[in-house]
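One structure below.
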Amino acid sequence: MAEPSTDFWLYGVVRKAAGTAAHLLSLGFPVGIGVVTKPGSSLFSWHPFLMALAFSFIMTQAILLFSPESSPILSYSRKIKVRSHWVLQGLATVCAVLGLTIISYNKYLNDKPHFTSWHGLVGLVTILYICMQSIGGVSLLYPKLMRNWSLSKLKLYHATSGLVSYLLGCTSLLLGMCSIWFTETVTGISWYLAVCCPVLLTLIIMNQISNAYLKKKRMQP
């Protein structure tokens, strides 16, 4: 039977490896999408790139800031991590809203209906949700506004809601990769590799939040 210290060491190594993989995947996915779409080559080309940038890279990095194993600013104070988190989340929201605006305008120019597919509908819900998530997060910056809620509960609810928004974002990306345009543009093994990126990121981030954050908050009064 393995010693507790050995188990703890192995657990830390696995989580650090998963965090490192998340960093690489979160960067690799939007880079790959950029290679495929060539942002600037058309108005539409900005939509998939901005969405991949928002949900795959920026939002993933915003969450990993609090990881005790793979945070890029691990030695910094929690105050700096919180401020950095809000800056990144704000950037992710701006990119996502801009991506939605671009595809809506592009469809308007081409006289095409919008929000008629699962990708479009889930994407719209996702954008609305992350906007509400950002507004709701103000309660953590100014907890005195929520007098009937303890700070620990506000953090728990914010983390849970943030996980939901991340899952929605990755689901929207997956649905986008099932669209006719993407399946015709990216084929063979490349398509499967692209699909694996948001799937693996979702699994890693779910584990990071549930074990390193939500579990800790549930233990608090």
Side-chain angles (χ1 to χ4, degrees), residues 2 7-34 36 48-74 81 84-85 88-89 91-93 95-96 99 118-119 121-123 125-127 129-130 133 137 155-179 182-183 186 188-219:
D7 291 339
F8 181 77
W9 176 82
L10 181 60
Y11 175 75
V13 169
V14 171
R15 282 179 58 81
K16 188 173 182 62
T20 301
H23 283 298
L24 295 175
L25 289 171
S26 70
L27 177 60
F29 183 73
V31 169
I33 294 298
V36 172
F49 177 71
L50 286 171
M51 291 305 191
L53 185 65
F55 295 112
S56 175
F57 181 67
I58 303 178
M59 191 172 288
T60 299
Q61 295 304 315
I63 295 174
L64 290 177
L65 286 177
F66 298 105
S67 171
E69 293 87 14
S70 54
S71 173
I73 54 173
L74 183 61
K81 292 179 182 178
S84 300
H85 173 78
L88 290 176
Q89 285 296 102
L91 287 175
T93 302
C95 286
W118 281 111
H119 171 59
L121 291 173
V122 173
V125 171
T126 301
I127 302 304
Y129 190 92
I130 65 170
Q133 165 77 0
K155 289 181 178 180
L156 174 60
Y157 296 150
H158 181 69
T160 304
S161 179
L163 179 56
V164 172
S165 66
Y166 188 82
L167 293 175
L168 283 172
C170 287
T171 299
S172 181
L173 291 178
L174 285 171
L175 290 172
M177 286 185 283
C178 293
S179 66
F182 195 87
T183 54
V186 180
I189 189 65
S190 298
W191 184 85
Y192 290 99
L193 290 175
V195 168
C196 283
C197 287
V199 171
L200 292 175
L201 282 174
T202 297
L203 294 175
I204 293 172
I205 293 301
M206 284 179 64
N207 179 268
Q208 291 278 339
I209 294 178
S210 62
N211 287 282
Y213 192 85
L214 294 180
K215 182 177 179 180
K216 177 181 177 182
K217 293 305 174 184
R218 285 196 298 267
M219 295 173 63

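Computed from a predicted model, the values in this text were never measured in an experiment.
- Of the inter-residue distances, the one linking Thr126 atom OG1 with Leu121 atom CG reads 10.5 Å to the nearest 0.5 angstrom.
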Exercise for the section: Given side chain to side chain contact (heavy atoms under 4.5 Å, CB included), test Thr171 with Trp118 step by step and report yes or no. Expected result: CA-CA 10 Å; Thr171 299; Trp118 281 111; over 6 Å; no
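- Here the SG-OH distance, from Cys197 to Tyr192, works out to 15.0 Å after rounding to the nearest 0.5 Å.
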Handout entry: His119 and Leu174: CA distance, side-chain angles, deciding distance, side chain to side chain contact (heavy atoms under 4.5 Å, CB included) verdict
Key = CA-CA 8 Å; His119 171 59; Leu174 285 171; over 6 Å; no
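- Expressed to the nearest 0.5 Å, how far OG of Ser71 lies from NE2 of His23 amounts to 7.0 Å.
- The shortest non-hydrogen separation linking Gly34 to Phe49 is CA-CD1, 3.8 Å.
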Handout entry: Stepwise side chain to side chain contact (heavy atoms under 4.5 Å, CB included) check, Gln133 with Val164
Key = CA-CA 10 Å; Gln133 165 77 0; Val164 172; over 6 Å; no
Could you pull out all donor-acceptor pairs under 3.5 Å where a side-chain atom in residues 51-60 meets a protein atom, sequence neighbours excluded?
{"residue": "Ser56", "atom": "OG", "partner": "Ser26", "partner atom": "O", "Å": "3.2"}
{"residue": "Thr60", "atom": "OG1", "partner": "Ser56", "partner atom": "O", "Å": "2.6"}
{"residue": "Thr60", "atom": "OG1", "partner": "Tyr166", "partner atom": "OH", "Å": "2.7"}

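- Thr202 has its side chain within reach of Met206: a pair of non-hydrogen atoms, C-beta onward, lies under 4.5 Å apart.
- Atoms CG and CZ, on Leu201 and Phe29 in that order, are 9.0 Å from each other to the nearest 0.5 Å.
- Ala62 approaches Gln89 most closely through the heavy-atom pair CB-OE1, 3.3 Å.
- Shortest non-hydrogen contact noted between Phe182 and Gly176 is CB-O, 3.6 Å.
- In this structure, Tyr129 OH and Leu167 CG are separated by 9.5 Å, a value rounded to the nearest 0.5 Å.
- Nearest heavy-atom pair, Lys81 versus Ile73, reported as atom, atom and distance to 0.1 Å: CE-O, 3.2 Å.
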Problem - Worked check of side chain to side chain contact (heavy atoms under 4.5 Å, CB included) between Thr160 and Ile209 - result: CA-CA 8 Å; Thr160 304; Ile209 294 178; over 6 Å; no
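- To the nearest 0.5 angstrom, Ser165 atom OG is 8.0 Å from His158 atom NE2.
- Contact detail for Ala22 and Ile204: the closest heavy-atom pair is CB-CG2, 3.8 Å.
- Taking all atoms of both residues into account, the shortest heavy-atom contact from Trp191 to Met177 is NE1-O, 2.7 Å.
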